[in-house]
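Just so you know, these numbers come straight off a predicted model, no measurement behind them. Values reported hereafter were calculated over all heavy atoms of this structure, with side chains retained and with hydrogens, waters and symmetry mates removed. Proteins come first, then strands; the chains are lettered A, B, ... in the order of their sequence lines, and each starts at number 1.
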Protein chains: 2
Amino acid sequence: MLNLRPVKLMPVREQAAASLREAIISQSIKQGEMLTLESTAKALGISVTPVREAFQILARDGLIELAQNRGAVVLGMSPKNIREHYEIRAALEAEACRLVCEKGADLSEIERCVSHLVSSGAENYGDLNQSFHYNIWLASGNTRLVNMLSELWNGLSMGLRTTKNEYARKSQAEHEVIFSMLKASDADGASRAMRGHILRSMEDMLTRYK
Amino acid sequence: MLNLRPVKLMPVREQAAASLREAIISQSIKQGEMLTLESTAKALGISVTPVREAFQILARDGLIELAQNRGAVVLGMSPKNIREHYEIRAALEAEACRLVCEKGADLSEIERCVSHLVSSGAENYGDLNQSFHYNIWLASGNTRLVNMLSELWNGLSMGLRTTKNEYARKSQAEHEVIFSMLKASDADGASRAMRGHILRSMEDMLTRYK
DNA sequence: ATGAGAAAAATTGTATCCATTCTTGCCCAT
DNA sequence: ATGGGCAAGAATGGATACAATTTTTCTCAT
């Protein structure tokens with residue numbers, strides 16, 4: 001039998017949401033712009049039904065705002081926006097670290113990410129960074145926490161991802177500290193380290209954005 | 001002109017979601033039951049489009065699960081479910097306390113809730129308890145955090161709310177401790193106290209459910 | 001100019017229709 | 001008798017058309 005990539009991987013509403021998300025984050029759709037159902041559907045080559053659902057997904061991710069009978073306005077990055085995003089992520093990821101320690105979860109995947117991050121250069125730092133965080137979420141054993149953090153990661157604030165070497169080095173060092181504390185099952189230390197890591201990333205993002 | 005209550009307060013999809021939420025939490029729709037679009041739409045007296053959107057809201061709240069092309073199954077309370085809910089809430093509400101302290105927010109509304117909780121009996125404890133927590137979220141100044149916690153509060157685990165006097169007393173004492181730490185701007189203390197308060201509530205819920 | 005009111009445009013909800021997919025149950029071959 | 005496969009049925013996912021409401025804009029009379 002032929003081995004072909006399936007035509008349909010996800011529901012159309014999610015493809016639409018992904019496409020719009022990318023456009024908003026890359027700022028090819030500008031802040032404050034008004035999205036109408038019909039024009040968006042036409043631009044995506046689909047009907048309005050899945051577009052309506054995609055709008056709700058994006059609203060949940062904080063990329064657009066839905067007003068009663070008035071449609072969707074594209075939200076932009078703002079300092080307040082960034083702050084809110086990172087404050088929540090700091091709390092949740094710190095909790096994930098705490099849970100990993102308390103449950104004595106398997107750390108092999110996390111370790112793999114840390115060492116990969118060491119060996120490879122900074123060019124694909126973004127993916128490795130995400131893997132490191134994601135595997136911690138997974139190891140926490142709280143599937144709902146994984147869902148919430150995944151949604152946050154899709155949000156606006158993660159849009160402008162840095163590839164600067166300087167940032168990658170600093171971040172890598174912090175990842176190693178976090179991992180060592182996880183390995184030592186130091187719940188307080190690991191969660192505090194993760195919290196600090198994320199809040200410092202927030203400051204980086206804020207200054208870069210400003 | 002006549003002064004009448006508007007017939008339509010919220011979008012139909014949200015009314016539908018609210019109606020289904022209530023039915024699921026009160027267990028008039030049982031765990032594991034399969035909800036079909038058509039029958040649900042007929043039962044609610046609306047068409048299927050807003051029902052589909054309501055299903056997605058409920059799935060986000062963790063009350064149902066949507067399977068590809070197979071509809072919605074009603075989820076039940078499980079220990080894992082409860083744990084995940086409270087772990088996340090503990091992290092977020094502790095963060096809210098931290099933010100309240102760091103930002104030096106206005107505490108008057110929160111104080112009002114604490115003293116109301118003192119003066120009135122335990123009969124309307126549920127509402128007062130919610131007000132206390134809600135006003136802390138608000139005072140954090142993080143609107144996204146408010147949204148996320150509101151969604152969590154709508155979830156399954158909050159369904160069986162206790163009115164037992166014993167619990168209300170214990171909880172009230174903890175609320176007072178939390179408030180005093182907020183007033184002293186002790187971010188670490190307040191967040192730790194809130195965290196403990198919620199995790200203890202979790203234990204109560206787990207033993208009661210078991 | 002200003003304000004009332006009509007007209008246009010967009011969302012929200014309704015009603016069908018079709019394609020795809022998942023389940024179920026039956027039939028048949030072994 | 002049992003297990004695999006096939007067909008029928010049901011339900012979702014999406015498309016399309018339309019009615020109803022609301023918002024915005026534009027016009028026109030005062």
Just the rounded figure in Å: distance from [atom2] of [N] to [atom1] of [X].
X: A:N69; N: C:dG13; atom1: CG; atom2: C1'; value: 11 Å
X: B:Q68; N: C:dT21; atom1: CD; atom2: P; value: 9 Å
X: A:M10; N: C:dT21; atom1: CE; atom2: C1'; value: 19 Å
X: A:M34; N: C:dT11; atom1: CE; atom2: P; value: 8 Å
X: B:K42; N: D:dA11; atom1: NZ; atom2: P; value: 11 Å
X: B:Q56; N: D:dT12; atom1: CD; atom2: P; value: 13 Å
X: A:E14; N: D:dG13; atom1: CD; atom2: P; value: 10 Å
X: A:E38; N: D:dA15; atom1: CD; atom2: C1'; value: 13 Å

Please compare A:P50 and B:T36 by the position of their nearest nucleotide in DNA chain D and report the one closer to 5'. B:T36

Quick check on DNA chain D: between B:G71 and A:I46, whose nearest nucleotide comes earlier from the 5' end? B:G71

Closer than 4.0 Å, any side-chain N/O of [X] to the OP1 or OP2 of [N]?
X: A:T49; N: D:dG14; answer: no
X: A:R52; N: C:dT12; answer: no
X: A:R70; N: D:dT24; answer: yes

Salt-bridge criterion met for B:R112 and B:E109 (N-O under 4.0 Å): yes

Is the number of heavy atoms from other residues, nucleotides or ligands within 6.0 Å of CD (B:E14) greater than 12? yes

Check the surroundings of atom CD in B:E203: do more than 12 heavy atoms from other residues, nucleotides or ligands lie under 6.0 Å from it? yes

Will you find, in the side chains of A:E95 and A:S191, an N or O donor that is under 3.5 Å from an N or O acceptor? no

For A:D106 and A:S108, which I'm curious about, is there any donor-acceptor pair between the side chains at under 3.5 Å? yes

Would you indicate which nucleotide in D:dT12, C:dG13, D:dT23 comes nearest to any side-chain atom of B:L37? D:dT12

Which nucleotide in D:dT16, D:dG14, C:dC22 has an atom nearest any side-chain atom of A:V48: D:dT16

Heavy atoms only, 4.0 Å cut-off, all strands: where does A:L35 land among base, sugar-phosphate and nothing? sugar-phosphate

